[in-house]
Amino acid sequence: MPKQRPLLRPLIRDLHPYVPGEQPPLKGLIKLNTNENPYPPSPKVLAAIRKAVDDRLRLYPNPTAQPLREALAHHHHCRPENVFVGNGCDEVLSCAVRTFAEPAVDMGIWRKRVHRSAATVQYFAPSYSLYPVLAEIHGATRNEVDLNPDMTIPSVSLLRRGGAWDFTAALTLITTPNAPSGRGYTTASLDALCQAMNGIVLLDEAYADFASDNALSLALKHRHVLVARTFSKAYSLCALRVGYCVGHPDLIRGLDKIRDSYNVNGLGQAAALATLDDLPYYQTNIRRLIATRDETAQRLAELDFTVLPSQTNFLLARPPGPPAETWLQRLRDHKILVRWFNQPAVSHYLRISIGTPQEMDTLLKTASQLKKELVHDSHA
Ligand SMILES: *Cc1c(COP(=O)(O)O)cnc(C)c1O
């Protein structure tokens, strides 16, 4: 018998896939682990989705999501040619890796034509944990560079001195505001970094709606900068998978060549269009979430949690006393789900999504009770 061929490519066999937050089917759970919005989509959006559920489900959706591209272009004061829509922001990221980075395994073939950096996908640590997975799937080289200890972005001069940052990386992915830290970055500091880069920079602004500043203008100012957004977090549409990016038409055309033919589903297109028609509803909810976030941060600090300043819809907080993983489990025992990351930079912290004021109240009361059980008072 001939030796059997392996069924999977070695790269796939050895791949560590992305680990999403749990979606357990438990009743009465307070779910603060995946940065979902606690408020429903607007009634007008729900009506638009219902209205789209008819005989037209037979038909393929608009292949380029053209009406949505036009509405987004109007919203961001640019042209439809500046907008690429994806099946969630995650697909935008995946398309960007495949459009801009060479697979390192092909470098032998291209060696004469491309530099090592052409296969480099670069990002800060910690940031969105999908980036390394996308780079690996594509066979690109990962370059992961630490943020400052306080989770701010190192200045260009510090990056130059450090030597680890590749200013010619094919693709640099920056989560801004950052996840999982929650920290926001000024447009001026991002602009300085973009200007120092000779390669594509994608600013992943999944949480921009909760921040006091955003860098969308950089995507219209620089030929090599993309800004990505999503309808999932601020617009309560996780289930329908709609994300997009804005940038120079040359970059958008490249992304358009490699996406699936009908990458954005019809209900998602209808829902996103209706969302853009009802923005005041969402602005109210966003203001509410920001107020709940800031109050929760203060009350956690009063319980001796170390809370990082947040420009997002979640808080990264270091609990007092026992390891964060113990708190994770004990909160879970009380039917409160938060997120813990087993990465050295953040393993002492819990990431807590902002829910309704009532949900946060339950969290805080439970945390106060757990603190009495778990933290031994040094003065006792
Ligand atoms: C949630 C999230 C995304 C993905 O958004 P989808 O549109 O739901 O795919 C991308 N980037 C960051 C940083 C996120 O937190």
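Numbering of ligands and ligand atoms starts at 1, following listing order. FYI, the numbering just counts along the sequence from 1. All figures in this text were calculated on a predicted structure; none of them were measured in a lab.
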(message) To the nearest 0.5 Å, what is the distance between CG on Leu350 and CG on Leu315?
(response) 11.0 Å
(message) Which residue and atom name correspond to the protein heavy atom nearest atom 4 (C) of ligand 1, and how close is it?
(response) Asp90 OD1, 3.1 Å
(message) Checking a contact table here: which protein heavy atom is nearest atom 9 (O) of ligand 1, and how many Å away?
(response) Arg241 NH2, 2.7 Å
(request) Ignoring hydrogens, just give me the one of Ala228, Gly88, Pro20, Ser232 whose non-hydrogen atom is nearest atom 8 (O) of ligand 1. (result) Ser232
(request) May I ask you to decide if the ring planes of Tyr128 and Tyr131 are parallel, tilted or perpendicular, using 30° and 60° as cut-offs? (result) perpendicular
(message) For atom 6 (P) of ligand 1, what is the closest protein heavy atom, and at what distance to 0.1 Å?
(response) Cys89 N, 3.4 Å
(message) Once you restrict to heavy atoms under 4.0 Å, what part of Asp204 touches ligand 1? Side chain, backbone, both or neither.
(response) side chain
(request) Would you mind checking which non-hydrogen protein atom is closest to atom 10 (C) of ligand 1, with the distance to 0.1 Å? (result) Tyr128 CE2, 3.4 Å
(message) Just so I know, are the side chains of Glu136 and Leu11 near enough to count as touching, which here means a heavy-atom distance under 4.5 Å?
(response) no
(request) Give yes if a backbone or side-chain nitrogen or oxygen of Lys233 is under 3.5 Å from a nitrogen or oxygen of ligand 1, and no if not. (result) yes
(request) Take every heavy atom of Glu91, measure it against each atom of ligand 1, and state whether any distance is under 4.0 Å. (result) no
(request) Among all protein heavy atoms, pick out the one at the shortest distance from atom 15 (O) of ligand 1; state its residue, atom name and that distance to 0.1 Å. (result) Tyr207 OH, 2.6 Å
(request) For Ile252 and Cys245, work out which heavy atoms get closest and say how close. (result) CD1-O, 4.1 Å
(message) Can you tell me how the ring of Phe124 sits relative to the ring of Trp165, calling it parallel under 30°, perpendicular over 60° and tilted otherwise?
(response) parallel
(request) Determine, using the 4.5 Å side-chain heavy-atom cutoff (strictly less than), whether Leu193 and Phe100 are members of one ILVMFWY cluster. (result) no
(request) Could you tell me whether the side chain of Arg351 reaches within less than 4.5 Å of the side chain of Val338, counting heavy atoms only? (result) no
(request) Answer yes or no: does an N/O atom from Thr175 fall short of 3.5 Å to an N/O atom of ligand 1? (result) no
